[in-house]
Visitor: 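Next up is a structure, given as structure tokens.
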Amino acid sequence: MTEIIIVKSQEEAGEIYARCTADLIRRKPDCVLGLATGSSPLAAYKALADLVHKEGIDVSQVRGFALDEYAGLDPAHPQSYRSTIDRTVVEPLGLDPAKVRVPNGNLDTIKDAGRVYDQAIEDAGGVDLQILGIGTDGHIGFNEPGSSLASGTRIKTLTEQTRIDNARFFDNDMDQVPTHCITQGIGTILKARQLVLLAFGAGKAEAVAESVEGGISSFCPASALQMHPHATVIVDEAAASRLRNRDYYKWAYANKPDWQSI
Ligand code: F6R
């Protein structure tokens with residue numbers, strides 16, 4: 001079963017992610033991190049950067065693959081996911097930018113970019129730890145409802161809801177919000193060895209409940225996590241508010257024995 005951890009704050013969630021990732025980097029210095037953009041992982045990236053600097057962890061060999069990129073947006077645009085990953089992950093952690101890839105949204109080559117990206121992930125030995133956010137419609141990466149659960153990296157059309165949700169990054173001007181993207185597929189995401197999904201706020205409560213306690217369906221892409229052998233969902237009280245079994249999840253985490261590893 002997916003492990004559900006209910007935390008008091010984004011900072012507490014960030015510390016759990018940071019501790020888990022730091023342990024991974026120590027065990028495997030050239031590990032491959034799967035990276036998400038958006039607001040959900042920001043506290044986690046900050047906690048990891050703080051830990052890396054405080055404990056002097058060597059990140060020079062760490063590699064990374066982002067989940068997605070807007071189609072046709074200049075990588076130099078401040079809201080491109082290339083820029084966002086550089087600003088929120090590569091620079092604060094001190095990663096080697098050449099070792100961190102983002103899907104190529106250049107329209108001239110985008111037709112092949114998905115296949116090339118999946119091959120690059122495979123050549124790197126696969127993703128060790130993938131961090132995920134979730135859309136209010138249940139999307140992971142930019143796999144909108146209806147996405148094949150077996151999909152590889154490919155071009156997708158963004159839903160109106162996702163474009164409205166992301167308009168805040170584009171001066172709330174819908175005309176500036178791209179309509180298409182290139183995203184790791186659900187099948188690509190499921191190949192990562194460990195998944196950690198973060199969700200905060202009441203706006204995510206319904207999507208979280210449907211993903212964790214609903215049926216597995218392409219109409220709720222995050223429900224695919226139920227098929228993953230090592231997935232953890234970390235939510236605050238507001239995002240957990242629609243979970244039927246939340247008392248059980250809280251008890252299980254509070255009483256987790258040392259010998260029950262995640
Ligand atoms: C971003 C991504 C998306 C976001 C999701 C939630 O790379 O893949 O799935 O994680 O849209 O976004 P936030 O965290 O901004 O609520």
Side-chain angles (χ1 to χ4, degrees), residues 7 9-11 13-14 17 33-46 64-71 73 75 77-90 100-105 114 117 121 127 129-147 151 153-170 172 177-190 192 195-208 210-211 218 220-225 231-236 238-239:
V7 292
S9 64
Q10 300 198 26
E11 287 67 33
Y17 168 80
L33 301 181
L35 303 167
T37 55
S39 42
S40 305
L42 292 178
Y45 294 147
K46 182 178 180 317
F65 285 90
L67 281 173
D68 38 21
E69 178 59 286
Y70 291 113
L73 193 66
H77 188 288
Q79 295 307 331
S80 77
Y81 284 178
R82 174 78 257 177
S83 298
T84 306
I85 289 289
D86 285 347
R87 196 168 55 239
T88 59
V89 185
V90 174
V100 178
R101 290 186 63 158
V102 176
N104 181 357
Y117 202 66
I121 294 175
V127 170
L129 175 56
Q130 175 69 57
I131 191 170
L132 297 166
I134 181 171
T136 53
D137 60 3
H139 72 232
I140 47 173
F142 271 141
N143 294 283
E144 300 286 23
S147 296
S151 47
T153 302
R154 70 221 182 288
I155 301 163
K156 287 292 288 181
T157 309
L158 298 174
T159 61
E160 190 69 357
Q161 184 59 54
T162 298
R163 294 185 63 239
I164 291 168
D165 288 345
N166 286 7
R168 67 193 195 278
F169 298 115
F170 294 90
N172 286 312
V177 186
T179 53
H180 291 77
C181 67
I182 172 165
T183 180
Q184 284 191 31
I186 300 174
T188 316
I189 293 169
L190 289 179
L195 305 177
V196 175
L197 184 145
L198 305 174
F200 308 111
K204 300 289 175 75
E206 201 174 326
V208 167
E210 213 189 316
S211 307
S218 65
C220 181
S223 65
L225 264 68
T232 305
V233 171
I234 310 180
V235 286
D236 64 4

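These figures come from a predicted structure and were not determined experimentally. For ligands, and for the atoms within them, numbers begin at 1 and follow the listed sequence.
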Visitor: Out of T37, L35, N143, who is nearest to atom 1 (C) of ligand 1 when you count heavy atoms only?
Guide: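 Ranked by closest heavy atom to atom 1 (C) of ligand 1, first place is T37.
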Visitor: What part of I134, side chain from CB on, backbone N/CA/C/O, both or neither, has a heavy atom under 4.0 Å from ligand 1?
Guide: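 Backbone only.
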Visitor: List every atom of ligand 1 that sits less than 4.0 Å from any heavy atom of D68, numbering the atoms from 1 in the order shown and giving each element.
Guide: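 Going through ligand 1 atom by atom, the ones under 4.0 Å from D68 are 1 (C), 2 (C), 7 (O), 8 (O).
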Visitor: Taking all non-hydrogen atoms of both residues, which atom of S40 and which atom of F200 are closest, and how far apart?
Guide: O-CE1, 3.3 Å
Visitor: Return yes if some donor-acceptor pair links the side-chain N/O of K204 with the main-chain N/O of I134 below 3.5 Å, else return no.
Guide: yes
Visitor: With respect to R168, determine whether any N or O atom, backbone or side chain, lies less than 3.5 Å from an N or O atom of ligand 1.
Guide: yes
Visitor: Any chance you could measure L132, atom CG, to I140, atom CD1, to the nearest 0.5 Å?
Guide: 5.5 Å
Visitor: Using the ring centroid of each side chain, check whether F170 and Y70 are separated by less than 6.0 Å.
Guide: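 That pair passes the under 6.0 Å test.
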Visitor: Which of the atoms in ligand 1, numbered in the order shown and given with their element, are less than 4.0 Å from a heavy-atom of G133?
Guide: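 Taking each heavy atom of G133 in turn, ligand 1 has 10 (O) under 4.0 Å.
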Visitor: Looking only at heavy atoms of Q184, does any of them come nearer than 4.0 Å to an atom of ligand 1?
Guide: no
Visitor: Which residue holds the protein heavy atom closest to atom 3 (C) of ligand 1, what is that atom called, and what is the gap in Å?
Guide: G141 O, 3.4 Å
Visitor: What protein heavy atom sits nearest atom 14 (O) of ligand 1, and how far away is it?
Guide: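 Of every protein heavy atom, S40 OG, 2.5 Å lies nearest to atom 14 (O) of ligand 1.
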Visitor: Return yes when atom CD of Q79 has more than 12 non-hydrogen atoms of other residues, nucleotides or ligands closer than 6.0 Å, and no otherwise.
Guide: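 Buried by this count: over 12 neighbours within 6.0 Å.
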Visitor: Give me the nearest non-hydrogen protein atom to atom 11 (O) of ligand 1 as residue plus atom name, then the distance to 0.1 Å.
Guide: H139 NE2, 2.7 Å
Visitor: Within a distance under 4.0 Å of any heavy atom of L67, pick out the atoms of ligand 1 and give their elements.
Guide: 8 (O)
Visitor: What distance separates Y117 OH from T183 OG1, expressed to the nearest 0.5 Å?
Guide: 9.5 Å
Visitor: Could you list which atoms of ligand 1 come closer than 4.0 Å to a heavy atom of K204?
Guide: 6 (C), 13 (P), 16 (O)
Visitor: Does any part of the side chain of I131, heavy atoms only, come nearer than 4.5 Å to the side chain of P41, both counted from C-beta?
Guide: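 With C-beta onward as the side chain, the pair touches.
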Visitor: Take V100 and V89, measure what side-chain contact (heavy atoms from CB on, under 4.5 Å) needs, and give me the verdict at the end.
Guide: CA-CA 10 Å; V100 178; V89 185; over 6 Å; no
